[in-house]
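Quick notes on the structure that follows.
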2 protein chains.
Amino acid sequence: MSVTIRDVARVSGFSIKTVSNVINGHPQLRPETRKRVEDAIEQLGYRPNLSARNLRSGRSGVIGLIIPDLTTAYFAELADAVMRAAAERGLAVLIEPIGSGRENELAALRGQHRHMVDGVIYSSLTLGASDAELLKGVDTPLVVLGDTSFDGQVDRITMANTSGARAATEHLLAAGRRRVLALAAHEGDIVASAELRLAGYREALEAAGLSFDPNLVCYADSWHRRGGAAAMTKLLKDGLSFNAVFAFNDTLALGAMRVLQEAGVRIPEDVAIVGFDDLDETRYSLPALSTVNPRRDKIAKAAVETLLRRIEGGAELDAREIETDFLLQVRESSGGALKGVSGANSAA
Amino acid sequence: MSVTIRDVARVSGFSIKTVSNVINGHPQLRPETRKRVEDAIEQLGYRPNLSARNLRSGRSGVIGLIIPDLTTAYFAELADAVMRAAAERGLAVLIEPIGSGRENELAALRGQHRHMVDGVIYSSLTLGASDAELLKGVDTPLVVLGDTSFDGQVDRITMANTSGARAATEHLLAAGRRRVLALAAHEGDIVASAELRLAGYREALEAAGLSFDPNLVCYADSWHRRGGAAAMTKLLKDGLSFNAVFAFNDTLALGAMRVLQEAGVRIPEDVAIVGFDDLDETRYSLPALSTVNPRRDKIAKAAVETLLRRIEGGAELDAREIETDFLLQVRESSGGALKGVSGANSAA
DNA sequence: CTGAAAGCGCTTACAG
DNA sequence: CTGAAAGCGCTTACAG
């Protein structure tokens, strides 16, 4: 019923092979031939059948994206970025939300969609360095997004946790704040990124000649708004003194900011705040939240490119690790008038 | 290189046809035959090649979901629900975020992924009744999610806008509040749902014997937090008197609530608030937001079932319109102790 | 540059 | 119940 390459061949007067050459953009074609074939394609409304093409080529043109869920802003925005990057390379994305927990993550690696996709981008929270063997055993091309190193055994894209955190802290210190609270969380196993961001925080203190005060490091019991709010409530009750906050992610920052404001603390006059992630909503909070933009666009692009390279190159290829740069997004919560600061790009 | 049905036939000692029968669960098979084939499948680790199956059957097992974007909480949660519903029917979902604007929406109907999907679920903001012809012209099976009626020409799933809004308003009135502000927005062309919700609001007033006061209907200039905040700021400045707010969506409610609290208004003591959508974050706001749960789970399930019916039944089938029910989710912002109220289910 | 033919892995009438 | 064969629409050596 639908138009096939055969119809195009018949109408254009050329062979199937020639039509195929036109479709696939082979260079050695007489312009006139190309033109006539294209006219026939246009006239018939021909579109290649992807199932057939895939059957032949062994590819599907679809990549998988494994994330915990789509309702957390962070992952929704990550998915959005990956879809855009994939679209640019003509790929479609099949999202597999797997819920939280280590078992789910492991199960996803053997998921049912594996046979529909050419490769998988896998945003992992719970896998650790000791799982490198496991990941190598996966026969689907795989790129991991995450902060845990797998000793160069798996393709991985990561964000500038340490340098981004350092820049955020330095920005607060540069404004004259000397008591910068570090607000982190333990929940889940995202510990890797918390450690890296803490390291950046300490680097900034050191560079400024300030000593590290463990009392200024606070752990919320979740990475969400509520966790940030609860932690800040406790800190205020305890009477801790500080004039700036570097929260390890935006939702912690938003929760903490909320509690500070309810307590009559002015932001940024009394306490300046910077978050991490640059979620869309940070632009709309009151005041707008300063934050570290981890360049999800670049992460997504690097992930897609790396996956494509792996799909084409096969398992023998050496694993690649890429760390993208960051952008310090200065908004109202930490000053306002300052310009954004660019981060350095480093790769391993 | 990979295991094919042929290998299974060889190892099991049966013909390809018999193996195929086992895979596709045909009933007329000797248990022993089935067992031996299944053993061979197990032993070889055979998995059907979907491209081949799709080429043969003309199906892909993938459905498309067209939404404006994935970074808006509402659509992220909708996408999540659709993926769950699809997974239950063995389908994968290809999300196509198309940005906002009528042109993008129209373009998406002819999108490049159309040939990879068996059908499309389309969450439309800007299409109107006059576009029914256009939608009928789409040759891909299509189910629309939205509040605009297409005169029964297109399969459509919609939520209980009017009865949900009525229940929300009645809940506020039942608590003794007599000046209930209706907070809506104009932006985009989501006007259809705004009108339906306003109708529910008016029904509730009427049923309670109260007259409708146009001054209590307020339009923000966007459906987002910021719009709700700006509108509420203006209302407070104008000195409008009210003791309850029914916001037409959750983000408007959250923005308004924020401004009220900053102005020292206690919630729910001074002003009770109810939103619409039951976004995940409403559970974590301070206070937790009461809201109308539009049962995205049911909407998604109905959409997938209806699409499957259309895919199998073809274009001759009569179009189906389904309105799902709702659940009033009473939380802290409007009282707290009250139980949730179930909505009636109606279908056209 | 172009044509005829094989084959990707599967399902499904058609015969037994 | 089961087997041999055709064909879904495409790409790609292989010959010209």
Side-chain angles (χ1 to χ4, degrees), chain A residues 1-41 44-62 90 112 114-118 311-312, chain B residues 1-41 44-62 90 112-118 139 311-312:
Chain A
M1 48 183 221
S2 65
V3 184
T4 76
I5 197 172
R6 204 190 183 99
D7 300 314
V8 177
R10 190 169 32 71
V11 168
S12 67
F14 292 99
S15 76
I16 288 177
K17 171 70 163 109
T18 303
V19 175
S20 175
N21 283 343
V22 171
I23 294 167
N24 295 291
H26 284 224
Q28 319 271 53
L29 280 171
R30 216 174 291 175
E32 201 200 303
T33 304
R34 183 187 302 279
K35 177 84 173 63
R36 277 169 58 195
V37 171
E38 281 168 351
D39 285 349
I41 288 175
L44 294 167
Y46 168 75
R47 296 277 210 133
N49 176 311
L50 297 183
S51 292
R53 177 175 283 176
N54 295 339
L55 173 58
R56 191 71 227 307
S57 69
R59 295 260 210 108
S60 71
V62 179
Q112 54 172 328
R114 263 201 24 235
H115 296 264
M116 320 189 48
V117 300
D118 298 334
I311 290 169
E312 278 154 17
Chain B
M1 46 183 217
S2 64
V3 183
T4 75
I5 198 172
R6 204 191 184 100
D7 300 314
V8 177
R10 189 169 33 71
V11 168
S12 67
F14 292 99
S15 75
I16 287 177
K17 171 71 163 111
T18 303
V19 174
S20 176
N21 284 344
V22 171
I23 294 166
N24 294 292
H26 286 224
Q28 319 273 52
L29 281 171
R30 216 174 291 174
E32 201 201 303
T33 304
R34 183 186 304 279
K35 177 81 171 63
R36 278 168 56 195
V37 170
E38 281 167 352
D39 285 350
I41 288 175
L44 294 167
Y46 168 75
R47 296 276 209 132
N49 176 312
L50 297 183
S51 292
R53 177 177 283 176
N54 296 338
L55 173 58
R56 191 69 227 305
S57 69
R59 294 261 210 109
S60 71
V62 180
Q112 54 172 329
H113 297 332
R114 269 212 7 248
H115 296 263
M116 320 189 49
V117 300
D118 299 334
D139 55 355
I311 290 169
E312 278 153 17

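Numbers restart at 1 for each chain; the letters A, B, ... are given by sequence-line order, proteins then strands.
Listed nucleotides: dG9(C), dC10(D), dT2(D). Nearest to the side chain of Phe14(B): dT2(D). The side chain of Lys17(A) approaches dG3(C) more closely than any other nucleotide in the set dT2(D), dG3(C), dC8(C). Distances from the side chain of Asn21(B) to the nucleotides dT2(D), dT12(D), dC10(C) place dT2(D) closest.
Between Arg59(A) atom CZ and dT12(D) atom P the separation is 11 Å, expressed in whole Å. When rounded to the nearest whole Å, the span between CD1 of Ile5(A) and P of dA4(C) equals 14 Å. Taking atom CG on Leu55(A) and atom P on dT11(D), their separation rounds to 11 Å, with Å as the unit. Between Asn54(B) atom CG and dC8(C) atom C1' there is a gap of 14 Å when expressed in whole angstrom units. The separation between Arg6(A) atom CZ and dG7(D) atom C1' is 10 Å, rounded to whole Å. If you measure from atom CZ of Arg56(B) to atom P of dC10(D), you get 16 Å, rounded to the nearest angstrom. Whole-Å rounding puts the Arg36(A) CZ to dC1(C) P distance at 13 Å. Computed from coordinates, the Arg34(B) CZ to dT2(D) C1' distance equals 14 Å when rounded to whole Å.
For the pair Ser51(A) and dG9(D), the criterion of a side-chain N or O lying under 4.0 Å from OP1 or OP2 is not met. Close to dC10(D), at under 4.0 Å from its OP1 or OP2, lies no side-chain N or O of Ser20(A). Taking 4.0 angstrom as the limit, Arg53(B) places none of its side-chain polar atoms (N or O) nearer than this to OP1 or OP2 of dG9(C). Remark: Ser15(B) is not in phosphate contact with dT2(D), judged by side-chain N or O atoms under 4.0 Å from OP1 or OP2.
Between the OG atom of Ser60(B) and the CD1 atom of Ile311(B) there is a distance of 8.0 Å, given to the nearest 0.5 Å. The CG atom of Asn49(B) lies 9.5 Å from the OG atom of Ser51(A); values are rounded to the nearest 0.5 Å. One distance of note links OG1 of Thr18(A) with CD1 of Ile5(A); it measures 9.5 Å at 0.5 Å rounding.
Proximity of Arg6(A) to Ile16(A): side-chain heavy atoms (C-beta onward) are separated by under 4.5 Å at one or more points.
Ion pairing between a basic and an acidic side chain is recognised when a charged N comes within 4.0 Å of a carboxylate O; Asp7(A) and Arg10(A) show such pairing.
Among the protein residues, Asn24(A) comes within range of the sugar-phosphate backbone only, with heavy atoms under 4.0 Å from sugar or phosphate atoms but none that close to a base. Nucleic acid contact for Arg30(B): sugar-phosphate only, since backbone atoms but no base atoms lie under 4.0 Å from a heavy atom of the residue. Using a 4.0 Å heavy-atom cutoff across all strands shown, Thr4(B) reaches sugar-phosphate atoms only and no base atom. Nucleic acid contact for Ile16(B): base, since at least one base atom lies under 4.0 Å from a heavy atom of the residue. Across all strands, Thr33(B) comes closer than 4.0 Å only to sugar-phosphate atoms, never to a base (heavy-atom distances).
A side chain to side chain contact (heavy atoms under 4.5 Å, CB included) with Tyr46(A) is found for one member of Val37(A), Ile23(A), Val19(A) and no other, namely Ile23(A).
Using the Watson-Crick or G-U wobble rule with both distances under 3.5 Å, dA4(D) pairs with nothing in any strand shown.
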